[in-house]
Amino acid sequence: MKNLYLFLLLIFLVSFSYAQDQDLPKVIEIPESYADRQGPPFKVKEDSLYVFRTPHVYLINEKAFTAFKNIYEATRNQDEMTNSLIEKYTQTLSRNIDLERKLKINFKETDSLDLQVYQRTQATLSNTQRALDYTINSLDKATTSLELVEKSTKRERRKSAFEKILFAIGGVGIGVLVGVSL
């Protein structure tokens, strides 16, 4: 009889434990690596037990999740637009930097040409100054020569006039002498 009780007790315990396994909700373990997981969130099933091994757990209902998802989508679309704007701005900025570099090269070349023109102009001005100095010296010498010629001409005129007067006086004297002697 004891064996029978033991056998019945054993059957009762086995059936009880089997019945307990069927009625207990399934235990789902969320590992610590879930915190670094990419992709859609884990949806909780009704009548299930969860064991979380992650440091933090955030539970939200379906409406809040949908709202967050919509906000995320809108932000992602804005991020794409922002990234597009940033990319275009970056392209424009790099093009402007390249144009500025080319402009600096052109300015250096222009400055070099301006320097050459300036040096040639300075040389031309120096040659012109020397030519003007030579011309002024020549004009001074010519003026001095003209003054000497003018003085000489005046002297010759006076001498010539004096000689004419002397010839006239001599002619008058000779005429008087010839007239008196005749």
Side-chain angles (χ1 to χ4, degrees), residues 28-45 50-171:
I28 300 173
E29 183 175 340
I30 306 296
E32 187 175 346
S33 63
Y34 184 79
D36 299 326
R37 183 175 167 272
Q38 297 287 329
F42 190 76
K43 189 171 183 180
V44 177
K45 296 178 184 174
Y50 292 90
V51 176
F52 293 97
R53 305 283 185 219
T54 61
H56 302 287
V57 175
Y58 300 99
L59 297 175
I60 58 172
N61 62 21
E62 192 170 346
K63 287 183 182 180
F65 175 74
T66 305
F68 281 129
K69 186 177 178 183
N70 290 339
I71 290 171
Y72 169 75
E73 290 294 328
T75 304
R76 193 174 81 194
N77 291 339
Q78 287 178 352
D79 284 347
E80 289 174 4
M81 185 172 39
T82 303
N83 288 340
S84 173
L85 286 174
I86 288 173
E87 183 179 328
K88 287 179 183 178
Y89 178 75
T90 304
Q91 289 172 353
T92 303
L93 188 62
S94 65
R95 187 178 71 239
N96 287 346
I97 289 171
D98 188 44
L99 289 174
E100 180 183 11
R101 183 182 52 76
K102 288 179 182 177
L103 189 61
K104 283 181 181 179
I105 290 171
N106 286 342
F107 279 149
K108 285 181 182 178
E109 290 175 359
T110 302
D111 287 346
S112 173
L113 291 175
D114 288 347
L115 182 62
Q116 289 175 0
V117 169
Y118 174 75
Q119 289 172 345
R120 287 182 182 167
T121 304
Q122 286 299 101
T124 303
L125 285 174
S126 176
N127 290 338
T128 304
Q129 185 65 40
R130 277 187 266 148
L132 285 174
D133 289 342
Y134 177 76
T135 304
I136 289 172
N137 287 336
S138 295
L139 285 174
D140 284 343
K141 288 179 183 176
T143 303
T144 305
S145 295
L146 284 174
E147 287 174 356
L148 289 175
V149 168
E150 190 177 323
K151 285 180 184 177
S152 174
T153 305
K154 283 183 182 178
R155 214 178 304 133
E156 286 295 323
R157 274 190 208 151
R158 275 188 242 133
K159 186 177 173 186
S160 164
F162 184 68
E163 285 176 358
K164 286 179 187 175
I165 292 174
L166 283 177
F167 276 123
I169 291 175

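Computed from heavy atoms alone, side chains included, the values below leave out hydrogens, waters and symmetry copies.
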Criterion side-chain contact (heavy atoms from CB on, under 4.5 Å) on D98 and K102, from CA distance to verdict: CA-CA 6 Å; D98 188 44; K102 288 179 182 177; 3.6 Å; yes

Just do the side-chain contact (heavy atoms from CB on, under 4.5 Å) check on T110 and L113 with the steps written out, would you? CA-CA 5 Å; T110 302; L113 291 175; 5.7 Å; no

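Considering T121, D114, L115 as possible partners of V117, the one that fulfils the side-chain contact (heavy atoms from CB on, under 4.5 Å) test is T121. Shown are D133, N127, L125; of these, the side-chain contact (heavy atoms from CB on, under 4.5 Å) with Q129 is made only by D133.
When the shell of 6.0 Å around CD of E32 is examined, it contains 12 or fewer heavy atoms from other residues, nucleotides or ligands. Within a 6.0 Å radius of CD in E62, other residues, nucleotides and ligands contribute 12 heavy atoms or fewer. Atom CZ of F107 is surrounded by 12 or fewer heavy atoms from other residues, nucleotides or ligands within 6.0 Å.
For the atom pair CG (N106) and CG (L99), the distance works out to 10.5 Å, reported to the nearest 0.5 Å. Distance check: T92 OG1 to R95 CZ gives 4.5 Å after rounding to the nearest 0.5 Å. Rounding to the nearest 0.5 Å places CD1 of I169 at 7.5 Å from CZ of F162.
For the pair S112 (side chain) and K108 (backbone), a donor-acceptor distance under 3.5 Å is absent. Of the possible polar contacts, one joining the T144 side chain to the D140 backbone as a donor-acceptor pair under 3.5 Å is found. Distance alone, capped at 3.5 Å, is enough to place a donor-acceptor pair between the T153 side chain and the V149 backbone.
In this structure the side chain of K63 never reaches within 4.5 angstrom of the side chain of T66, judged on heavy atoms.
A salt bridge links K154 with E150: at least one charged nitrogen is closer than 4.0 Å to a carboxylate oxygen.
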